Visitor: 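Attaching a single structure in structure tokens format; questions to follow.
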Amino acid sequence: MSPFTKNGIEYDRYQFDRFGMGFSDRAAMGQLSKFVNRVRPDIIQTFDTKPNLFAPLALRGAVPVVRTINGMGWVFSSTELKALAYRPIYLAMQRLAACWTAATVFQNKADSGFFHRYRLLGKSSSSVIGSSGIDVDAFQTARTRMTAGSELRAQLGLNDAEIVLTVSRLTVQKGIPTLLEAAKLVHEVRPKVRFLLVGPRESEGPFAVDQALIDRHAPYVVATGARSDVPALLGIADVFAFPTEYREGIPRVLLEAGLAGVPIVASRMPGCDDVVVDNWNGHLVPPRDPRALALAILELLEDPARARTMGRRSIDLVRREFDLNVVADRYAALYRQLLSGGAPNDGRATRQNGSEIP
């Protein structure tokens, strides 16, 4: 059952190609236009790169559009020639879409700065609302109902191993090859460590990591595929590793790891550095650097008392900055401003509540 149906929310589908550009994009814009003419909404909010372009270009001011920049995606994360070639096209399309955009919401300050620097906003307003929010109460409830740690360890064949957990799509852009190299280095120093990779691989098309590459690092790397018990898995993790090379919005998994009080090692990338403060609640390391990633993980494993202290610091941070209720209130305020003809303030310099993280 769809999550929308489960919660009594009506929805319609429209199709487009996640991995390419072509006729399906034009068809998607046509579908959106017909849908809006039928439903006549007061505001349209879009997420992700293509929808953020489709709606303004298809509707051309017929309905106020709020585009949500939840990361800069593959085009600005990859160093492939194809990605580099797409960048000028992306910039031009964003400038054009801005002509029919009422407001742009950024999930992190780096992306806001990028759009201002390259003048991609036109005359539309902008604000920063960190992340899509996390339902703190639901996460904590899930943790109370989770499988006992000892039982979960036994199910996964982890026994008394130290566990480094990663929850991610298993793609090159998410840094999985870097993680595998780091896992090898950590295992050489601490043979009892196990790296637990949780997330889909087969559905990721040309971006997916080769299964043979993962298999070469067995038995100290265990790939489970996608799972629905992430709160339980976080309960047995000693370290959460997130080696993304992707320009994230704010990764939800970092918020979940933070709520669970697990110390985090993440790439120093936009979005990650909105959650992880280096040497305070975890470590930030350069992307594509397996040695730096391994050293940061080893530092936390070798000093578990400090690691626990760092992990606990994230709990209040996530509750204060990224709780779903806070995020929803900010969006509601934005909608009210748009419907009343006002313009939201530019949030480039602030976190969600206008404060800086220590």
Side-chain angles (χ1 to χ4, degrees), residues 9-76 85-132 247 249 270 327-328 330-348:
I9 300 172
E10 294 184 13
Y11 72 98
D12 284 77
R13 294 178 181 272
Y14 72 105
Q15 304 293 330
F16 61 90
D17 183 358
R18 284 177 58 200
F19 303 117
M21 297 174 65
F23 177 78
S24 64
D25 292 349
R26 184 180 295 248
M29 287 192 281
Q31 292 174 53
L32 276 178
S33 182
K34 290 178 181 178
F35 173 77
V36 170
N37 287 335
R38 175 167 60 86
V39 176
R40 299 185 179 278
D42 295 305
I43 291 175
I44 292 176
Q45 182 163 358
T46 59
F47 290 81
D48 217 351
T49 302
K50 284 195 171 183
N52 287 339
L53 296 173
F54 290 164
L57 295 176
L59 305 176
R60 303 198 174 209
V63 180
V65 173
V66 178
R67 57 179 177 174
T68 310
I69 309 300
N70 51 325
M72 298 292 288
W74 169 77
V75 171
F76 284 89
Y86 276 148
R87 289 183 187 180
I89 300 172
Y90 173 91
L91 296 176
M93 294 290 284
Q94 287 289 2
R95 288 192 188 99
L96 184 60
C99 296
W100 299 289
T101 298
T104 302
V105 174
F106 299 96
Q107 293 197 339
N108 64 59
K109 294 191 298 181
D111 291 349
S112 175
F114 181 94
F115 267 61
H116 281 83
R117 188 163 59 253
Y118 286 92
R119 300 181 180 179
L120 304 180
L121 293 169
K123 295 181 180 179
S124 66
S125 59
S126 70
S127 58
V128 176
I129 300 177
S131 83
S132 296
R247 288 191 62 133
V327 172
R330 289 186 167 266
Y331 273 112
L334 171 61
Y335 299 153
R336 287 193 294 268
Q337 288 172 324
L338 290 175
L339 293 174
S340 67
N345 294 326
D346 189 326
R348 278 181 292 168

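Bear in mind that the values here come from a model prediction, so they are computed numbers and not experimental data.
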Visitor: If I compare all heavy atoms of Ala102 with all of Ser125, which pair ends up nearest, and what's the gap?
Guide: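 For Ala102 versus Ser125, the nearest heavy atoms are O-OG, 3.4 Å.
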Visitor: Please identify each residue that fulfils side-chain hydrogen bond (donor to acceptor under 3.5 Å, both in side chains) with Arg13, with sequence neighbours left out.
Guide: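 Checked Arg13 against side-chain hydrogen bond (donor to acceptor under 3.5 Å, both in side chains); zero matches.
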Visitor: Heavy atoms only: give me the nearest Val327-Gly130 pair and the separation to one decimal.
Guide: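 Answer, listing the atom of Val327 first, then Gly130: CG2-O, 3.7 Å.
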Visitor: Using the ring of each side chain (for Trp, its six-membered ring), is Phe115 parallel, tilted or perpendicular to Tyr90, with breaks at 30° and 60°?
Guide: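 Because their plane-to-plane angle is over 60°, the rings of Phe115 and Tyr90 count as perpendicular.
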Visitor: Which atoms form the tightest heavy-atom contact between Ala103 and Ser124, and what is the distance?
Guide: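 Between these two residues, the closest heavy atoms are N-CB, 4.4 Å.
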Visitor: Please report the closest heavy-atom contact between Ala97 and Leu53, naming both atoms and the distance.
Guide: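 Shortest heavy-atom contact: CB-CD2, 4.0 Å.
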Visitor: What are the two closest heavy atoms between Ser132 and Phe47, and how far apart are they?
Guide: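 Where Ser132 meets Phe47 most closely, the heavy atoms are OG-CE2, 4.1 Å.
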Visitor: Can you name the residues that form a side-chain hydrogen bond (donor to acceptor under 3.5 Å, both in side chains) with Asp12, not counting sequence neighbours?
Guide: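 Counting only residues at least two positions away or on another chain, Asp12 forms a side-chain hydrogen bond (donor to acceptor under 3.5 Å, both in side chains) with Arg38.
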Visitor: Using side-chain hydrogen bond (donor to acceptor under 3.5 Å, both in side chains) as the criterion, list what pairs up with Ser33, not counting sequence neighbours.
Guide: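 Ser33 satisfies side-chain hydrogen bond (donor to acceptor under 3.5 Å, both in side chains) with no residue once adjacent residues are dropped.
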Visitor: Would you mind reporting whether His116 and Ser126 have side-chain heavy atoms less than 4.5 Å apart?
Guide: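 They are in contact (side-chain heavy atoms under 4.5 Å apart), so the answer is yes.
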Visitor: My understanding is that only residues two or more places apart in sequence, or in another chain, count here; which of them pass ring-ring contact (aromatic ring centres under 6.0 Å, His included) with Phe114?
Guide: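 Listed in chain order: Phe76, Tyr118.
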Visitor: Measure from the side-chain N and O atoms of Arg87 to the backbone N and O of Val75, and report whether any donor-acceptor pair falls under 3.5 Å.
Guide: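 Judged by distance alone, yes, a pair lies under 3.5 Å.
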Visitor: Hey, are the side chains of Tyr331 and Val105 touching, using non-hydrogen atoms and a 4.5 Å cut-off?
Guide: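 They are in contact (side-chain heavy atoms under 4.5 Å apart), so the answer is yes.
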Visitor: Roughly how far apart are Met29 CE and Lys50 NZ, rounded to 0.5 Å?
Guide: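 Atom-to-atom, Met29:CE and Lys50:NZ are 10.0 Å apart.
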Visitor: Once rounded to the nearest 0.5 Å, what's the spacing between atom CE of Met93 and atom OH of Tyr86?
Guide: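 Between Met93 CE and Tyr86 OH, I get 11.5 Å after rounding to 0.5 Å.
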Visitor: Between Met72 and Asp111, what is the shortest heavy-atom contact and its length?
Guide: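 Residues Met72 and Asp111, closest heavy atoms: CG-OD1, 3.3 Å.
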Visitor: Without placing hydrogens or testing angles, list every side-chain donor-acceptor pair under 3.5 Å for residues 56-71, not counting sequence neighbours.
Guide:
from, atom 1, to, atom 2, distance (Å)
Arg60, NE, Leu57, O, 3.1
Arg67, NE, Thr104, OG1, 2.8
Arg67, NH1, Gln94, O, 3.4
Arg67, NH1, Gln94, OE1, 2.5
Arg67, NH2, Leu120, O, 2.8
Thr68, OG1, Gln45, NE2, 2.9
Thr68, OG1, Thr46, O, 3.0
Asn70, OD1, Asp48, N, 2.9

